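As structure tokens, the structure follows; a few thoughts come after it.
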Amino acid sequence: MYTDPSKLRNIGISAHIDSGKTTLTERILFYTNRIHAIHEVKGKDGVGAKMDSMELERERGITIASAATHCEWKGFHLNIIDTPGHVDFTIEVERSLRVLDGAILVLCAVAGVQSQSLTVDRQMRRYRVPRVAFVNKCDRTGANPLRVRDQLREKLQHNPVLMQLPIGIEDRFEGVVDLVAMKAFRFDGKDGQQVVESEIPAELLDDARRAREELLDAASMFSDELTEAILEERVTEELVKRAIRKGTIDLKLTPVFLGSAYKNKAVQKLLDGVLDYLPDPTEVVNEAHELENGERKVALATDDSRPTVALAFKLEDGRYGQLTYLRVYQGRLSRDTFVTNMRTRKEHRVGRLVRMHADEMEDIAAAGAGDIVAMFGIECNTGDTFTDGTVRLNMTSMHVPEPVISLSIKPVDARSENNLSKALRRFTREDPTFRAGIDEESGQTIIRGMGELHLDVYIERMKREYGAAVQVSPPEVAYRETVSQRAEFSYTHRKQTGGSGQFGKVCGYVEPCEQDFEFVDDVVGGTIPREFIGAVEKGFRSCLGKGRLLGSPVVNVRVVVNDGASHAVDSSDIAFQEAARGAWRDGFERARPKLLEPIMRVVVEGPGEFSGSVLGTLMQRRAMIVGSQEDGGLARIEAEVPLAEMFGYSTTLRSSTQGKADFSMEFSRYLPVPAATAEELLAKARGGQERTAAGSRR
């Protein structure tokens with residue numbers, strides 16, 4: 001157990017897809033002696049990178065699930081989480097950043113700030129995670145670290161400051177000039193493990209002095225002591241590092257490091273930067289909510305002697321049961337002690353406590369405050385808080401984006417049916433953005449996710465890991481329904497069945513609004529008794545899940561109830577719920593209902609020569625071009641496109657750009673469906689209902 005939190009760093013490695021995150025992590029593990037040989041991401045040697053332990057990850061050369069590991073560097077303990085770069089697996093980044101104290105934002109020296117870099121940066125801001133930037137691939141043709149530094153300022157609104165200058169660039173990249181120590185560093189040996197310090201080359205000395213002036217100017221904003229030292233010309237490395245550290249932890253400065261992970265250059269200096277500038281657990285404010293005191297916020301202390309508070313941020317179903325990844329915020333967690341799940345109020349015994357190294361586990365007896373570990377055999381959900389039972393605190397949950405694409409899947413035989421249900425149970429527990437359920441009308445099993453690749457990976461895992469062969473239908477788009485004008489309603493529910501009957505009358509109107517749903521009680525004079533108002537609202541809410549056009553959820557509707565009638569004997573909760581449902585049917589039909597479709601923010605990046613082709617492929621898909629820019633021969637086109645038009649776009653884009661462009665896509669908002677498209681969808685839905693009705697008659 002690590003007893004000194006100041007010697008602990010919990011960091012994540014995040015970036016746009018293909019920026020070199022996993023390659024960087026592989027080098028970090030090698031230089032910290034956690035692994036003894038370097039393997040490449042694609043797994044051409046049959047081994048693959050340590051952090052891509054899933055067979056699918058090694059085949060595709062992408063990270064699918066975040067992986068945790070730990071290592072030692074210069075007497076410090078580092079917990080590292082390598083996260084996916086693809087937007088479809090954004091939840092892996094989200095939940096990792098929720099529990100980390102700092103992060104390395106990896107950027108490509110050629111492509112610079114890309115579409116997913118913006119998403120990752122937004123997630124870091126959401127959880128107030130300090131970060132250092134690592135400009136990777138400085139050995140590549142077209143590399144320009146200074147341009148990437150400028151993009152950090154312009155596109156991400158950071159305050160970037162260069163910590164290093166490159167010695168050579170592109171294929172002549174040899175090492176870096178450290179602007180704090182004012183020394184040159186090269187990396188020799190077969191795997192770059194020999195760090196050779198020397199004087200700065202004469203041809204770089206003027207550039208280095210200018211860059212150091214900029215560095216001191218930026219750092220002095222966070223330290224009066226450094227400002228005085230600059231004026232008196234007694235600047236020390238320690239003063240500079242302390243000032244930069246303060247600016248970084250306050251999220252007002254981003255130290256920028258340079259290197260090439262693939263060519264084994266400057267990774268060790270980045271590790272030094274992590275120790276120097278990223279916070280330890282005691283320097284980060286973590287808060288919990290008291291469950292019994294109006295959810296009052298309570299600051300947690302990174303102290304082993306305080307009551308235990310830990311957050312479950314990731315689940316995996318393994319061979320030995322459920323593996324729960326935990327961040328211990330306060331107190332200590334020990335084997336054979338008891339913890340309480342604050343959501344279920346159940347007490348659990350901690351049977352096995354482990355420290356993760358990708359897919360390997362190392363048993364430990366205890367974990368202290370600030371550590372990241374995993375425990376076995378305890379049933380819980382992602383986002384559950386565990387305490388030692390002496391405090392009633394709950395950590396804030398992480399942001400979970402809503403799925404935007406769905407598929408209908410059907411097992412091909414009885415054996416697959418059983419295995420499919422096991423796979424769905426596991427995957428929905430592990431991944432909050434992957435949903436599965438039965439469609440009430442069709443009886444089909446529907447899976448929902450963040451994109452085509454997201455669902456494609458899970459279908460492949462069903463086949464490989466569970467032997468569940470499934471048939472997949474074309475994706476369905478998550479449409480919504482709303483109203484376009486105000487419409488009055490007046491409905492009386494009357495039912496006599498002998499004895500006391502049912503009676504309830506509800507009057508008012510429906511109209512469009514900005515919120516998902518708003519219920520307004522404008523009843524005066526007691527025409528609807530107060531005790532039945534809740535039943536009226538419940539009746540209206542029960543209609544929102546299924547609209548009258550396509551059966552899609554209804555949004556952006558305000559219901560105002562301003563009159564009604566009741567009966568002294570026959571009125572009841574059920575009667576007024578039924579009256580509200582009838583009033584909904586009455587008002588919704590006359591409020592000119594319309595369909596809304598999900599609009600995606602699509603960013604396409606590729607060589608400028610293909611800009612015309614890319615614009616053509618987007619315009620064919622009802623795109624609204626938001627902006628386009630060209631920088632250094634690379635074009636970046638942003639557009640808003642209906643999700644329904646984006647299926648199969650990756651194939652179209654590859655063929656029109658010779659495979660040189662890629663795109664990312666995330667949900668933006670809902671907008672009305674064009675009249676012609678809406679008519680087609682409604683006709684198709686009517687045809688499906690008629691076929692279903694004919695089948696049931698037979």
Side-chain angles (χ1 to χ4, degrees), residues 5 8-16 21 63 65-68 78-85 87 89-107 113 116-134 152 156-159 245-255 274 277-289 295 297-302 309-315 325-330 369-372 381-386 393-402 431-433 450 666-667:
L8 191 59
R9 297 288 184 274
N10 295 316
I11 61 167
I13 298 180
S14 303
H16 184 89
K21 296 177 303 302
T63 302
S66 58
L78 277 64
N79 287 318
I80 301 172
I81 299 182
D82 176 31
T83 61
V87 71
F89 309 110
T90 190
I91 188 63
E92 294 288 339
V93 185
E94 197 80 41
R95 58 183 166 197
S96 300
L97 291 176
R98 170 65 184 82
V99 299
L100 293 169
D101 301 322
I104 300 172
L105 176 62
V106 184
L107 300 161
V113 173
Q116 188 65 4
S117 311
L118 276 75
T119 304
V120 167
D121 183 67
R122 195 161 57 245
Q123 291 168 318
M124 289 179 183
R125 288 178 194 274
R126 183 179 293 133
Y127 300 112
R128 295 191 57 78
V129 178
R131 74 284 260 173
V132 298
F134 179 63
L152 273 168
L156 299 183
Q157 280 72 56
H158 281 220
N159 179 17
R245 181 182 185 82
K246 186 179 187 309
T248 305
I249 293 173
D250 290 347
L251 303 178
K252 294 176 179 174
L253 200 68
T254 305
V274 166
Y277 307 120
L278 290 183
D280 65 55
T282 64
E283 295 173 297
V284 178
V285 177
N286 292 301
E287 294 178 325
H289 294 274
E295 300 223 332
K297 285 185 178 180
V298 177
L300 299 176
T302 309
V309 180
L311 177 71
F313 67 94
K314 178 178 164 71
L315 311 178
Y325 288 74
L326 290 167
R327 162 71 193 262
V328 184
Y329 283 98
Q330 182 176 280
D371 214 346
I372 292 176
N381 291 346
T382 302
D384 282 357
T385 302
F386 288 92
L393 298 174
N394 204 29
M395 302 293 295
T396 52
S397 59
M398 65 204 72
H399 171 74
V400 178
E402 282 297 308
D431 184 350
T433 59
M450 301 303 295
E666 64 181 335
F667 174 73

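Note that these values count all heavy atoms, side chains included, but never hydrogens, waters or copies made by symmetry. It should be emphasised that the depicted structure is a prediction, and the values quoted were computed from it without experimental measurement.
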In Ile13, Val113, Leu156, the residue satisfying side-chain contact (heavy atoms from CB on, under 4.5 Å) with Leu105 is Leu156
State whether Tyr325 and Arg327 meet the cation-pi test: NZ (Lys) or CZ (Arg) under 6.0 Å from the six-membered ring centroid, and within 45° of the perpendicular axis. no
task: Could you tell me whether a side-chain N or O of Asn10 sits under 3.5 Å from a main-chain N or O of Gly370, the two making a donor and an acceptor?
output: yes
Thr302 meets the side chain to side chain donor-acceptor pair (under 3.5 Å) criterion, sequence neighbours left out, with none
Output for pair (Thr382 OG1, Leu311 CG), nearest 0.5 Å, gives 9.5 Å
Closest heavy-atom pair, Ser117 versus Leu107, reported as atoms and distance to 0.1 Å, is OG-CD2, 3.8 Å
Note: Gln330 and Ala301 closest approach over all heavy atoms is OE1-N, 2.9 Å
Correct closest heavy-atom pair for Ile81 and Ser96 would be CG2-OG, 3.4 Å
In this structure, NZ of Lys246 is separated from NZ of Lys252 (nearest 0.5 Å) by 6.5 Å
Side chains of Thr396 and Glu287: closer than 4.5 Å at any heavy-atom pair?
-> no
What one should report as the nearest heavy-atom pair of Leu326 and Ala310 is CD2-CB, 4.3 Å
Hits for side chain to side chain contact (heavy atoms under 4.5 Å, CB included) against Glu283, two or more places apart or cross-chain, chain-then-number order -> Arg245, Ile249, Pro279, Asp280
Interatomic distance, NE2@His158 vs CE@Met124, rounded to 0.5 Å, equals 8.0 Å
Taken in chain and number order and not counting sequence neighbours, the residues that satisfy side chain to side chain donor-acceptor pair (under 3.5 Å) with Asn286 are none
Practice task
Go through the steps for Asp101 and Leu8 under the test side-chain contact (heavy atoms from CB on, under 4.5 Å), then give the verdict.
Solution key: CA-CA 10 Å; Asp101 301 322; Leu8 191 59; over 6 Å; no
Residues passing the salt bridge (charged side-chain N to carboxylate O under 4.0 Å, His left out) test with Asp121, sequence neighbours excluded, are Arg125, Arg131
Correct closest heavy-atom pair for Val274 and Arg9 would be O-NE, 3.5 Å
Sequence neighbours excluded, the answer for salt bridge (charged side-chain N to carboxylate O under 4.0 Å, His left out) partners of Arg128 is none
Taken in chain and number order and not counting sequence neighbours, the residues that satisfy side chain to side chain contact (heavy atoms under 4.5 Å, CB included) with Ala288 are Leu300, Leu393, Met395
Note: Asn381 and Ala312 closest approach over all heavy atoms is O-CB, 4.1 Å
- Using the side-chain contact (heavy atoms from CB on, under 4.5 Å) rule, take Tyr329 and Val99 through it: C-alpha gap first, then chi angles, then the decisive distance, then the call. CA-CA 9 Å; Tyr329 283 98; Val99 299; 3.7 Å; yes
Rounded to the nearest 0.5 Å, the CD1 atom of Ile11 sits from the CG atom of Leu278 at a distance of 6.5 Å
To the nearest 0.5 Å, atom OH of Tyr277 lies from atom OG1 of Thr248 at 8.0 Å
